[in-house]
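Please read the structure below before turning to the comments.
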Amino acid sequence: MIFTARDKTLDCSARPLIMGILNVTPDSFSENGANYQPDVAVATARRMIEQGADLIDIGGESSRPGADTVAAAEEQARVIPVICELRKSTDVLISIDTYKASTAAAAIAAGADIINDISGFHRDPAMKQVAAETGAGCIAMHMRGNSQTMQGLTDYADIIEEVASYFQETIAMLTTAGVKNSAIMLDPGIGFAKTVAQNLLLLRELRQFQRLNHPLLIGTSRKSFIGRTLQLDDPTDRIWGTAATMAWSVACGAQVLRVHDIAEMRQVCDMTAAITGAQP
């Protein structure tokens, strides 16, 4: 399965692809602002690439439950210097994690290849035009509401079918706007407007999303549903729980895994691929 992003192409069927999480924020749920300074963020990204990251996802606004919104100007001040500096030294695909069209456009002009929109390209009406005009790859995530309201919006009649329908509508919206079908990747939004039980169900039934014929990204790294399942309050203690979800996701056909712990999850995903027959 091929994924296109501007002038780059990713073969998503060759081996599991690792996306490194780079939060350039003072309030990230897991790193506690460790990469808030641009020089530190760039150094972290380079280390991720050395450890086996295939993509780097850069975000300037925390999307954890209850997080405050950040103005576009502040968000861009955080991420653009990092993207510019990183682009000078690597051809690895760079993703901008934003739901704001102005930030996406600025990031792509600075060298980003992919727009990773937690709102599935629905919150900002201009976002789909930015994607179509620039040829950027699109990662469309499922969620309801926003960071302040999403955990109160977990009432689903059939979460699998409702997420699948959301994806079908989003794919139609993006392709109608001029986005290439090959430029669309899907993320079921683990932890976004879902209960612990619903997150586990989405993972259990992950194979059902293969029918949509788009690359599937899974982001479970260090998330609270792992902490609640294993009774681990500190996100940095959740690496082994994360590893279990990564192995399961690869076995169920996920092509891109969004993680904090690059070296460890590179091994987990490659070993799982070897067992299931898709050699890394």
Side-chain angles (χ1 to χ4, degrees), residues 1-6 8-25 28-31 35 41-42 44-63 79 82-83 86-87 90-99 104 107-108 111-118 120 136-142 183-192 203 206 209 214-223 235 239 242-243 245-250 252-270 272-273 280:
M1 189 176 294
I2 298 299
F3 177 70
T4 57
R6 302 187 74 188
K8 297 182 175 71
T9 300
L10 273 181
D11 184 353
C12 295
S13 59
R15 68 166 187 169
L17 300 172
I18 298 295
M19 172 183 275
I21 300 169
L22 188 65
N23 292 317
V24 191
T25 62
S28 55
F29 87 94
S30 182
E31 303 94 338
N35 295 306
V42 170
T44 298
R46 289 172 175 158
R47 184 167 61 254
M48 288 178 174
I49 295 166
E50 291 172 359
Q51 292 175 339
D54 301 289
L55 311 92
I56 301 295
D57 189 41
I58 301 174
E61 177 178 330
S62 176
S63 57
V79 301
V82 178
I83 295 170
L86 194 58
R87 186 80 291 165
T90 181
D91 290 327
V92 165
L93 271 76
I94 296 173
S95 170
I96 176 64
D97 181 356
T98 186
Y99 57 84
I108 292 167
D113 308 287
I114 299 168
I115 303 168
N116 182 12
D117 187 343
I118 62 170
C138 299
I139 301 173
M141 195 189 81
H142 173 273
I184 300 172
M185 187 179 297
L186 306 174
D187 175 356
I190 301 295
F192 289 81
L203 288 170
L206 208 53
F209 298 111
H214 283 270
L216 190 64
L217 180 148
I218 297 298
T220 59
S221 188
R222 303 183 182 180
K223 286 189 173 177
I239 183 170
T242 296
T245 65
M246 292 291 103
W248 175 265
S249 297
V250 171
C252 291
Q255 291 93 354
V256 182
L257 298 308
R258 185 177 181 272
V259 302
H260 297 88
D261 305 289
I262 307 301
E264 295 87 347
M265 297 309 141
R266 176 82 275 166
Q267 288 190 23
V268 168
C269 293
D270 284 352
T272 305

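Scope of the values below: all heavy atoms of this structure, side chains included, with no hydrogens, waters or symmetry mates. Residue numbers start at 1 and run along the sequence shown. Every value quoted in this text rests on a predicted model; they were computed, and no experiment measured them.
The side-chain heavy atoms of Leu216 and Pro188, taken from C-beta on, include a pair separated by under 4.5 Å. When side chains are defined from C-beta on, Ile108 counts as touching Ile115, because their heavy atoms get closer than 4.5 Å. Between Leu55 and Ile94, every side-chain heavy-atom pair lies at or beyond the 4.5 Å cut-off. Residues Thr245 and Lys223 are not in side-chain contact: their nearest non-hydrogen atoms beyond the backbone lie 4.5 Å or more apart. In this structure, the side chains of Asp54 and Leu93 stay at 4.5 Å or more apart for every pair of heavy atoms. You'll find the side chain of Val256 stays beyond 4.5 Å of the side chain of Phe3, heavy atoms only. Using a 4.5 Å cut-off on side-chain heavy atoms (C-beta onward), Gln255 and Leu17 make no contact. The side-chain heavy atoms of Val92 and Arg46, taken from C-beta on, include no pair separated by under 4.5 Å.
In this view, Asp57 and Arg258 satisfy the salt bridge (Lys or Arg N to Asp or Glu O under 4.0 Å) rule, not counting sequence neighbours. In this structure, the salt bridge (Lys or Arg N to Asp or Glu O under 4.0 Å) partners of Asp261, at least two apart in sequence or on a different chain, are Arg222. For Arg6, there are no salt bridge (Lys or Arg N to Asp or Glu O under 4.0 Å) partners at least two apart in sequence or on another chain.
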Verify side chain to side chain contact (heavy atoms under 4.5 Å, CB included) between Arg87 and Asp113, making sure each step is shown before the conclusion.
CA-CA 10 Å; Arg87 186 80 291 165; Asp113 308 287; 3.0 Å; yes
Steps toward side chain to side chain contact (heavy atoms under 4.5 Å, CB included) verdict (Ile239, Met265):
CA-CA 9 Å; Ile239 183 170; Met265 297 309 141; 3.6 Å; yes
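Closest of all the heavy-atom pairs between His142 and Phe192 is O-CB, 4.1 Å. Closest heavy-atom contact between Val82 and Ala41: CG2-CB, 3.9 Å.
Here the CE-CD1 distance, from Met19 to Ile139, works out to 3.5 Å after rounding to the nearest 0.5 Å. Note: Ser249 OG to Leu257 CG = 6.0 Å, rounded to the nearest 0.5 Å.
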